[in-house]
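For reference, the structure discussed in these notes is given below.
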Amino acid sequence: MIRYLIKNNFKIMFRSPVNILLYMFCPFLMAAILISAFSSLLESYKAPDDFDVGYRVEAGSVYGEAAKALEQVGKESGVTFVLYESGDPEELVKQHKLSAFVEFTGGGYKIYETEEAKTEGAKLEYMISAVFNGSLSGDVSDISVPVEVKEVAPAVNSTDYYGIVFIIYFGWCAIVCAAGLFAQEKKHRILERLQVSDLSPFQTYLGRVIPLISVVAIGIGVAAVLAGVLLGVHWGNVGITALLILLTVIAASTFEMMIYEITRSMLATIIISFIIVWIFGYIGGTFETYLFSAWPEKVKLISPLYHTNRALVEFSTAGRSDYVVSSIIYLAAITLVSSLIGVLAGTIRRKDRA
């Protein structure tokens with residue numbers, strides 16, 4: 001019986017092909033527009049390449065041994081330290097095209113940096129503070145050099161960023177594909193008829209949500225392929241990408257189905273779900289890149305879109321991400337809670353009809 005219900009709901013949904021076509025082409029078109037509009041913005045966001053830094057240590061300075069350790073740390077971080085015994089630091093920076101110059105004196109150190117190399121200067125300052133902070137008490141020969149180096153965000157272009165995040169955003173608008181199904185249910189009083197069948201509320205729920213998930217997944221999958229082929233979006237790890245997109249579709253479908261079961265109104269469901277998704281997208285980097293967003297990290301972590309966006313963008317640019325696990329946990333939790341509430345709401349409503 002449930003297989004017949006699933007098959008019948010598939011047929012109903014495919015009778016409204018416009019909604020499915022929206023899922024195939026709208027993410028692609030929106031991404032293409034934003035890629036063109038913001039290409040110059042993200043092209044300017046690039047991690048600093050390897051660079052040279054000059055340095056000098058005054059005779060008798062307690063920083064002598066530590067400066068050598070700093071030189072070794074620099075080699076591991078793409079920073080080449082060049083020793084200059086004499087010469088004016090500012091002139092040396094200009095003559096040798098150095099990104100910065102560090103002068104270690106008896107009581108501290110001074111950094112000379114150019115206006116054009118502020119990013120490199122910031123990286124240098126972090127390295128020095130990491131090496132020297134709290135490590136100069138006692139014998140300097142026993143200084144322990146930290147191995148942690150400031151992580152520089154990988155470069156990301158507008159093609160990869162917007163090509164990815166709008167696939168995820170449209171995945172969260174899954175309820176649109178169910179409009180035809182819900183309209184037919186009300187028109188032909190299908191749910192009332194199902195009450196006399198031997199289908200449980202959970203089976204009835206599965207008979208509706210499985211076709212919804214399948215149709216949305218097909219549409220988003222086609223959109224992702226189009227983005228890769230026609231726009232040149234790099235998806236990183238294909239397996240993890242496909243998993244996260246599928247989990248997004250499942251979480252979105254169950255979440256919005258829950259809202260429909262509670263409201264029993266397609267209009268109310270679309271308004272409520274779209275407001276929630278828009279807020280999550282706004283916080284999570286859909287409309288403003290999370291790279292430049294001023295939202296505190298604690299606020300961003302509230303949005304499931306932030307976890308998924310960051311995981312897929314980082315896989316595209318860096319080949320790895322620490323947000324994959326949190327994204328999976330978040331999406332799985334939404335799916336579980338939404339399904340339980342959705343089935344419970346359907347059960348209560350069936351009892352009210354009886």
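As a basis for the values below, the full set of heavy atoms in this structure was taken, side chains included, without hydrogen atoms, waters or symmetry mates. From a predicted model like this one, the values you see are computed outputs, not experimental measurements. Throughout, residue positions are numbered sequentially from 1 according to the sequence presented.
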- Message: Using the rule that Ile, Leu, Val, Met, Phe, Trp and Tyr join whenever any side-chain heavy atoms are under 4.5 Å apart, tell me whether Val325 and Leu305 fall into a single cluster.
- Response: no
Please tabulate, for the side chains in residues 167-178, all donor-acceptor contacts under 3.5 angstrom to protein atoms that are two or more places apart in sequence or on a different chain.
none

- Residues at least two apart in sequence or cross-chain that pass side chain to side chain donor-acceptor pair (under 3.5 Å) with Thr286, listed by chain then number, are none
- Note on the structure: His96 meets the ring pair (Phe, Tyr, Trp, His ring centres under 6.0 Å) criterion, sequence neighbours left out, with Tyr84
- Hey, do the aromatic rings of Trp278 and Phe274 have their centres closer than 6.0 Å? no
- Donor-acceptor under 3.5 Å (Thr254 side chain, Ala251 main chain): yes
- Query: Got a sec: does the CZ of Phe202 have more than 12 other heavy atoms crowding it under 6.0 Å?
  - Reply: no
- Message: Donor-acceptor pair, distance only, cut-off 3.5 Å: does the side chain of Ser316 make one with the backbone of Leu312?
- Response: no
- Message: Considering only residues two or more places apart or on different chains, which pairs with a residue in residues 174-184 satisfy side-chain hydrogen bond (donor to acceptor under 3.5 Å, both in side chains)?
- Response: Gln184-His188
- Task: Return the set of residues passing side-chain contact (heavy atoms from CB on, under 4.5 Å) with Phe25 (not counting sequence neighbours), or none when no residue passes.
- Result: Leu21, Leu226
- Item | Sequence-distant partners of Ala32, side-chain contact (heavy atoms from CB on, under 4.5 Å), two or more places apart | Leu231
- Task: For the residue pair Tyr162 and Thr289, establish whether any side-chain heavy-atom pair is separated by less than 4.5 Å.
- Result: yes
- Task: Check each of Asn9, Asn8, Val215, Leu212 against Leu181 using the side-chain contact (heavy atoms from CB on, under 4.5 Å) test, and report the only one that passes.
- Result: Asn9
- Quick one: ring pair (Phe, Tyr, Trp, His ring centres under 6.0 Å) partners of Trp235, sequence neighbours excluded? none
- Determine the interplanar angle of the Phe10 and Phe14 rings, folded into 0 to 90°, and report it as parallel if under 30°, tilted if 30 to 60°, perpendicular if over 60°. parallel
- Query: Is the side chain of Arg56 donor-acceptor paired with the backbone N or O of Ser86 at a distance under 3.5 Å, no angle test?
  - Reply: yes
- Query: Mind checking what makes ring pair (Phe, Tyr, Trp, His ring centres under 6.0 Å) contact with Phe315, not counting sequence neighbours?
  - Reply: none
- Criterion side chain to side chain contact (heavy atoms under 4.5 Å, CB included) on Leu83 and Tyr55, from CA distance to verdict: CA-CA 5 Å; Leu83 177 62; Tyr55 79 98; 3.7 Å; yes
- Message: Assess, by modelled atom type and distance only, whether the side chains of Thr263 and Thr269 contain a donor and an acceptor separated by less than 3.5 Å.
- Response: yes
- Could you list the residues that satisfy ring pair (Phe, Tyr, Trp, His ring centres under 6.0 Å) with Tyr306, not counting sequence neighbours? Tyr290, Tyr323
- Message: For a side chain to side chain contact (heavy atoms under 4.5 Å, CB included) check, start with the C-alpha distance between Ile341 and Ile262, then their side-chain angles and the critical distance, and finish with the verdict.
- Response: CA-CA 9 Å; Ile341 295 175; Ile262 294 172; 4.1 Å; yes
- Task: Show your reasoning for whether side chain to side chain contact (heavy atoms under 4.5 Å, CB included) applies to Arg208 and Phe182.
- Result: CA-CA 9 Å; Arg208 300 155 80 203; Phe182 294 152; 3.5 Å; yes
- Item | Over 12 non-hydrogen atoms of neighbours within 6.0 angstrom of CZ in Phe280 | yes
- Test side chain to side chain donor-acceptor pair (under 3.5 Å) applied to Asp160 - qualifying residues, sequence neighbours left out: His234
- Task: Quick one: list whatever passes side-chain contact (heavy atoms from CB on, under 4.5 Å) with Leu340, sequence neighbours left out.
- Result: Leu336
- Item | Minimum side-chain heavy-atom gap Leu244-Ile328 below 4.5 Å | yes
- Task: Taking Thr308 for its side chain and Pro304 for its backbone only, find out whether a donor-acceptor pair lies under 3.5 Å.
- Result: yes
- Query: Got a sec, which residues hit side chain to side chain donor-acceptor pair (under 3.5 Å) with Ser214, two or more places apart in sequence or on another chain?
  - Reply: none
